[in-house]
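Down below is the structure, laid out as structure tokens.
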Amino acid sequence: MRSLLSFFALVWAVAVSAISTTGDRLLVVLDDVADQSSYSKFLGDLTSLSPCPLSVLRYWPRRGFKLSFETPKSESLSLFHLGERAYDHVILFPSKSKGLGPNLTANLLLQFINANGNILLTLSSGSSTPSSIVSLLAELDIQLPADRTGLVVDHFNYDAASAADQHDVLLLPAPHSIRPDIKDFFGAGASSNEVLVFPRGVGATLGSGELLTPIVRAPRTAYSYNPKEQGEVVDDLFAAGEQLALAAAFQARNSARLALVGSAELLEDAWFDAEVKTTSGQAAKTFNREFAKRLSGWAFQEIGVLRVNWIEHHLNEVGASNESNPGIYRIKNDVTYTISLSEWSWSSWSTFKVPANDALQLEFSMLSPFHRLDLALDPSHSTAEAAAYTASFKLPDQHGIFNFKINYKRPFFTNVEEKNTVSVRHMAHDEWPRSYVISGAWPWITGIGATVAAWLAFCALWIYSAPIDQKKGAKKL
Amino acid sequence: MAPKNRNNRDVTPSAASTAQTSATSSGSAPQAAVSTSAKPAVNKSVSSSSSSKQDWNSVVVNLANSYRDSAPQRTKLIDAFMTFLVVAGALQFLYCVVAGNYPFNAFLSGFSATVGQFVLTASLRIQTTEANKSDFPSVSPERAFADFVFCSLVLHFFCVNFIN
Amino acid sequence: MRKLQAVLSKSASDELVVASIFDRPEATRYTITATMSVDSLQTLANVGKGESTRTTLRVVILFLIAGAAIASRLFSVIRFESIIHEFDPWFNFRATKYLVANGFYNFWDWFDDRTWHPLGRVTGGTLYPGLMVTSGIIYHALRTLTIPVDIRNICVLLAPAFSGLTAFAAYLLTNEMTPSSSAGLLAAVFMGIAPGYISRSVAGSYDNEAIAIFLLVFTFYLWIKALKQGSMLWGALCALFYGYMVASWGGYAFITCLLPLHAFVLICMGRYSTRLYVAYTTWYALGTLASMQIPFVGFLPVKTSEHMPALGIFGFLQLLAFLNYVRSAIPKGQYQTFLWLFAGGTFGIGLAALVVATSAGIIAPWGGRFYSLWDTSYAKIHIPIIASVSEHQPTAWPAFFFDLNMLIWLLPAGVYLCFQQLADEHVFIVVYALFGSYFAGVMVRLMLTLTPVVCVAAAIAVSNVLDTYLSAKSPKPEDRLSDEATDAAVKKAPKGGLKSTSKPFVGVYSIFSKGAVVGAMTIYLLLFVLHCTWVTSNAYSSPSVVLASRLADGSQHIIDDYREAYQWLRQNTRDDAKIMSWWDYGYQIGGMADRPTLVDNNTWNNTHIATVGKAMSSREEVSYPIMRQHEVDYVLVVFGGLLGYSGDDINKFLWMVRIAEGIWPEEVSERAFFTPRGEYRVDDEASDTMKNSLMYKMSYYNYNTLFPPGQAQDRVRGARLPEVGPTLDVLDEAFTSENWIIRIYKVKDLDNVGRDHASASAFDRGIKKKKATKKRGPRVLRVD
């Protein structure tokens with residue numbers, strides 16, 4: 001009975017649980033709530049629930065976000081309630097207003113990020129970007145074109161069907177990772193005749209901070225200009241080519257995420273199923289729906305999330321106690337350290353496999369690292385959901401307060417920064433080798449022994465001769 | 001054995017030249033004492049003729065003479081022990097110079113055991129010598145020996161503790 | 001009848017001793033008066049009374065002296081509370097608690113990971129365990145006797161208890177100098193109440209010196225005893241107490257140097273004796289081995305130059321003994337030749353060995369602290385960390401009078417009297433007095449080692465004067481018989497009688513002159529007692545953890561900012577939150593707040609201290625990485641500007657700068673903290689380096705909000721502060737105590753979105769980021 005109950009509880013939990021690892025409360029901010037109809041497919045994907053939780057067909061994921069819709073000027077809009085986040089995620093669609101009002105200032109948005117909230121931010125060339133967004137992005141080291149207006153055009157890669165004149169609907173190949181060592185989250189599995197349509201969007205330039213990663217870069221031939229002021233001639237170019245990021249990812253140190261999409265139109269239903277024609281005249285299908293799903297999935301912590309299940313370190317010496325995670329070791333102890341990692345991918349935890357050209361490294365450090373070791377996969381402690389990585393080493397000959405440090409930060413993955421402090425003590429007074437163990441000390445031990453023995457003999461002889469002495473003394477008296 | 005020893009004891013340094021019995025007493029002395037006292041005896045026969053000159057032979061001979069003649073048996077026992085300690089200490093020191101002082105604490109305790117024992121024994125010798133009686137009004141030979149045993153025990157404890 | 005009188009005055013003084021606890025200086029004065037009158041009575045008693053009476057009297061008097069010594073040290077407990085004082089005692093207290101809780105072996109192997117973060121401290125091997133072990137033994141002994149007592153109270157009261165023993169040891173030592181037990185009793189009184197000793201042994205001053213001075217005096221007593229009797233047993237006891245002393249205090253080197261010096265002087269005076277040989281060699285052989293048992297000392301006795309004189313004299317004595325023996329054995333003429341050859345050879349070999357050993361590095365050269373004893377400006381130039389400690393400063397001359405009062409001018413008199421007799425033990429007093437006064441002049445702290453000899457010498461002098469003038473009968477030259485009788489009495493107890501005066505007996509005849517001298521002496525002694533009481537109550541009884549001030553109406557006001565702040569730390573921070581502060585407060589934070597610290601008063605690692613100094617004296621951008629690297633969570637500063645408390649961090653700041661400059665001369669420069677005219681200022685004219693230093697910012701952050709605009713005033717330095725206060729980007733103010741004495745700041749984490757702290761806090765203040773796109777020069781391209 002009990003097991004049956006718990007089974008139903010489990011089923012229910014799986015059915016209603018959010019698929020994001022951080023929560024399911026999603027706020028959608030639109031200028032006009034009616035506009036949501038144009039994004040119905042995108043938003044529908046976000047809310048979709050799988051019909052049967054026990055379905056073995058997990059191809060179409062169950063995402064299950066609970067959407068709330070607000071307008072920027074709404075009185076009831078508040079990101080925080082009693083100091084706690086009121087939503088887990090926010091989608092900001094472009095707004096016509098100059099600022100976003102008192103409830104969405106740059107400061108509040110930054111606080112939202114600092115409180116582990118995720119943001120999907122969309123821009124549009126149709127309206128100038130609100131000032132609070134501009135200053136928020138400026139804090140994150142993302143620059144938008146001057147006067148908050150810009151349009152990316154490319155005279156070589158445009159949709160010949162819809163923008164034959166304006167060249168402002170860019171056709172891009174599916175966005176694969178920009179470097180070989182970065183996992184391909186966004187473009188994997190795209191067929192070669194699928195293109196990403198980037199209609200009438202704004203490009204941004206990214207600073208060189210390690211928290212920023214471009215997802216989609218403009219083609220080498222694209223550039224950005226201000227259609228209002230630079231209609232005739234482009235004298236002061238904001239940015240061009242691959243410096244223009246059309247979609248970018250920002251992940252804060254606390255792993256809160258902000259995804260920036262230069263074109264909100266990209267997410268509209270119209271482009272999800274549209275037929276486009278490349279400049280060479282070939283018809284192509286759009287990749288937008290899959291891209292939108294993956295981008296929002298990344299932003300809302302559905303993919304690329306790493307979890308540390310447990311960390312264990314222990315003494316690796318014969319005859320020593322097998323206590324886990326002791327607070328103190330001794331210098332030159334042999335120690336084993338193991339960390340278990342899982343990766344969340346859409347709907348389930350799986351083992352996290354470190355890429356072949358990468359390594360998970362452990363530092364054993366006090367002020368500076370004394371050891372920096374590659375951790376090896378430890379199959380005996382790994383399960384279907386978690387991979388264990390381990391390393392064994394000898395502690396340095398230096399006492400102090402040391403840290404086992406894991407600092408694994410890779411683009412698009414949440415940060416793994418673990419610090420376990422242990423003290424490394426000196427040799428206790430009875431842990432040094434005894435003198436009789438050291439062969440070099442034997443002569444001196446013999447010396448002491450001889451001295452003591454001779455002394456005993458001396459004393460014996462002395463006492464042996466003592467009665468005479470006393471007799472003599474008596475005689476004298 | 002007993003009467004001979006008594007003879008020895010009565011000899012005082014002032015009467016050094018008159019005592020003649022020590023040569024026979026060496027036979028009854030402990031084995032170590034024999035070697036020390038026998039050697040000067042050889043020297044004496046070689047160089048006794050040149051005693052008027054201040055050469056080294058005469059110094060040595062005088063030393064040997066005065067020693068052989070004046071020292072009571074217990075003093076000789078002490079001297080034997082001290083000689084042994086000097087030899088033991090020197091050997092240890094030599095070993096340290098030759099082989100290095102790696103377990104330094106072992107060397108220190110081994111060496112200082114002999115040195116400490118040496119000075120304690122020397123103190124005992126001084127306190128039990130009749131000539132120094134006036135210096136130690138409050139120390140009888142028995143008391144001196146008791147002190148000596150106490151100090152030696154302390155010394156040995158420290159040394160063994162230190163050598164670990 | 002006299003006995004009855006004596007007992008009466010005893011019981012009267014007994015009550016008064018108790019009364020003296022309650023802050024009544026007069027009471028102690030009466031005690032001494034009583035003691036004095038007892039002394040005179042006793043002198044008289046010498047004539048007719050039996051030995052047992054005098055012994056009883058002596059015992060009773062000694063107990064009363066011990067009572068007075070203890071009582072006069074209790075001011076601080078009564079004024080404030082039973083609390084550990086100052087800085088170092090807090091560590092000793094913490095270590096004792098550890099010892100009591102974890103047992104001796106764990107204490108021996110104690111690795112303390114809550115100090116010197118992240119280096120940790122091998123505490124068991126780097127402290128003198130004598131003090132803690134003593135308290136631990138007392139604690140366990142009392143527990144066995146089913147007296148449940150708090151370990152804190154044992155620690156607080158240990159120093160006064162040992163001061164009673166010190167008085168007893170002084171009595172014994174003085175008795176070895178002169179047969180008159182009145183001198184011994186006087187010495188005990190002086191020792192019991194001399195401010196020079198009280199300064200380190202008031203209740204709560206739980207420091208190594210608390211027991212070390214007792215051990216020092218007692219070791220000297222045993223040494224004199226061993227020397228006088230030529231006994232191995234006393235020598236061994238001396239060595240054992242020397243070992244205890246080594247286990248208790250780093251000042252043991254004083255004994256290590258003084259005893260060989262005494263032996264050397266005796267040899268030079270042609271006073272070599274077999275007794276000296278026995279006493280010295282026994283002491284050295286056993287004492288050195290005993291001292292090597294302490295892990296902190298280890299091999300030092302054979303490796304450092306401080307211990308070499310003792311070794312040298314040891315070898316020298318062996319040679320002398322050998323030569324003496326040879327001399328007794330062979331004729332004089334031969335001996336001369338032998339001597340010259342032997343001495344020349346030995347000297348040559350010894351010198352060569354010393355040079356080789358020193359240059360080969362087998363024997364360490366003199367330590368820095370030791371150099372500073374010879375050249376008082378050495379430390380200031382080379383080792384600022386030593387010079388920065390106030391108790392390492394050279395003594396100002398009023399301090400001698402302040403700490404010793406009339407004893408200091410009785411010292412020469414006592415030394416003179418020792419010269420008059422000049423037995424081996426008197427040579428010791430002379431040597432000790434010279435040696436001790438030199439070192440006391442060089443370093444304030446060493447006043448402590450001078451005090452015992454001053455007490456002994458002064459007691460000899462005073463008792464000599466009193467004995468001469470207090471004899472009731474006037475000698476009548478005509479009356480040979482009575483003269484004989486007095487003479488006999490004097491001989492029985494020759495009160496340091498001058499050789500020249502004792503033979504042709506010169507007496508004092510006039511009652512008036514007797515009365516005048518005795519009266520003057522009594523007044524001096526009364527004044528001395530008054531002075532001691534005053535000094536103790538006013539100068540040496542403040543715990544310095546709690547400050548006291550007087551309000552306008554004269555009532556006492558307790559300023560308790562330190563404990564307020566430490567309590568805040570204890571209750572509001574994580575258990576392992578690392579606190580960075582200047583090293584002065586390290587022990588207190590460890591003891592009272594129980595939080596890990598970066599540096600503390602055990603200044604063993606100069607670099608680590610310099611690191612903290614650098615963090616304090618640099619700009620925020622430089623300090624922040626240092627604090628991150630050392631995992632600092634909170635920074636604590638002491639600021640006295642509001643209250644006028646001058647011992648604050650801004651006044652110590654130049655030492656931080658100097659110590660940091662010693663390690664990083666390119667990055668920190670003392671000159672930059674002064675104005676162009678060479679002034680050390682904190683107001684508008686302060687140099688930019690000063691104003692941008694973390695210490696300045698932490699001290700004055702938000703300070704001007706207390707005042708009307710432009711009126712901010714620093715009451716310590718008497719300076720008007722700049723109108724705009726400093727801003728802090730990398731720190732958040734976490735706590736400021738009631739009187740602003742302690743300010744605690746929390747170190748910010750790295751900015752969550754990757755900005756530097758300056759722009760992050762600028763953004764928080766609402767300043768918009770300048771449009772970087774417009775003004776940036778060459779474009780920075782992103783490469784991936």
Side-chain angles (χ1 to χ4, degrees), chain A residues 317-320 328-333 394-399 424-477, chain B residues 1-3 5-6 8-10 29-30 32-33 72-74 77-78 80-82 84-85 87-89 91-96 99-118 120-121 124 128 140-142 145 148-149 152-153 155-156 159-160 162-164:
Chain A
E317 286 181 354
V318 272
I328 191 161
Y329 287 111
R330 203 201 63 208
I331 55 169
K332 295 193 212 161
N333 269 154
K394 190 184 266 302
L395 298 185
D397 187 7
Q398 162 74 48
H399 57 74
V424 177
R425 66 176 171 85
H426 60 295
M427 302 273 267
H429 73 283
D430 52 359
E431 286 172 336
W432 296 96
R434 298 269 171 184
S435 282
Y436 49 75
V437 183
I438 308 166
S439 60
W442 291 345
W444 294 306
I445 294 179
T446 323
I448 290 193
T451 309
V452 174
W455 177 75
L456 283 173
F458 170 76
C459 287
L461 280 172
W462 180 277
I463 292 167
Y464 182 62
S465 65
I468 308 154
D469 204 32
Q470 274 167 1
K471 262 185 223 162
K472 192 206 82 183
K475 210 175 160 188
K476 263 193 169 176
L477 282 172
Chain B
M1 178 179 165
N5 276 335
R6 201 184 305 146
N8 266 349
R9 288 228 161 256
D10 288 337
Q73 192 206 347
R74 270 190 168 177
L77 181 64
I78 290 176
F81 187 41
M82 282 166 71
F84 165 77
L85 288 172
V87 171
L91 278 178
Q92 291 186 30
F93 191 76
L94 236 119
Y95 179 81
C96 167
N101 60 3
Y102 158 53
F104 192 50
N105 61 331
F107 162 67
L108 268 186
S109 51
F111 186 62
S112 51
T114 53
V115 172
Q117 194 64 64
F118 178 82
L120 290 178
T121 319
L124 178 67
T128 50
S140 66
E142 290 76 27
F145 184 67
F148 170 74
V149 171
S152 302
L153 285 176
L155 176 81
H156 296 159
C159 285
V160 173
F162 195 59
I163 203 169
N164 186 359

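Protein chains get the first letters and strands the later ones, always in sequence-line order, with residue 1 at the start of each.
Side chain of B:N105 to backbone of B:F162: a donor-acceptor contact under 3.5 angstrom is found.
At a 4.5 Å heavy-atom cutoff, the contact between B:Q117 and chain A is made by side-chain atoms alone. Of the two parts of B:F84, only the side chain, counted from C-beta on, holds a non-hydrogen atom closer than 4.5 Å to a non-hydrogen atom of chain A. When heavy atoms are compared at a cutoff of 4.5 Å, A:I445 approaches chain B by way of both its backbone and its side chain. Of the two parts of B:I78, the backbone and the side chain both hold a non-hydrogen atom closer than 4.5 Å to a non-hydrogen atom of chain A. Both the backbone and the side chain of B:S109 come within less than 4.5 Å of a heavy atom of chain A. For chain A, no part of B:L120 is nearby; none of its heavy atoms comes within less than 4.5 Å.
Looking at A:D397 and A:I331, their side chains come closer than 4.5 Å, going by heavy atoms from C-beta outward.
Chain B forms more heavy-atom pairs under 4.5 Å with one residue of A:G447, A:P443, A:A441 than with any other, namely A:P443. Contact count against chain A (heavy-atom pairs under 4.5 Å) is highest for B:A106 among B:A106, B:G110, B:A88.
Within the structure, side-chain hydrogen bond (donor to acceptor under 3.5 Å, both in side chains) pairs that include any residue of residues 446-457 of chain A comprise A:W455-B:S152 (at least two apart or interchain).
Note on ring orientation: taking the six-membered ring where Trp is involved, the planes of A:F458 and A:W462 are tilted (angle from 30° to 60°).
Salt bridge annotation for A:E431-A:K332: absent, with no cationic side-chain nitrogen under 4.0 angstrom from a carboxylate oxygen.
Scored by the ring-ring contact (aromatic ring centres under 6.0 Å, His included) test, B:F93 finds B:F111 as partners (sequence neighbours excluded).
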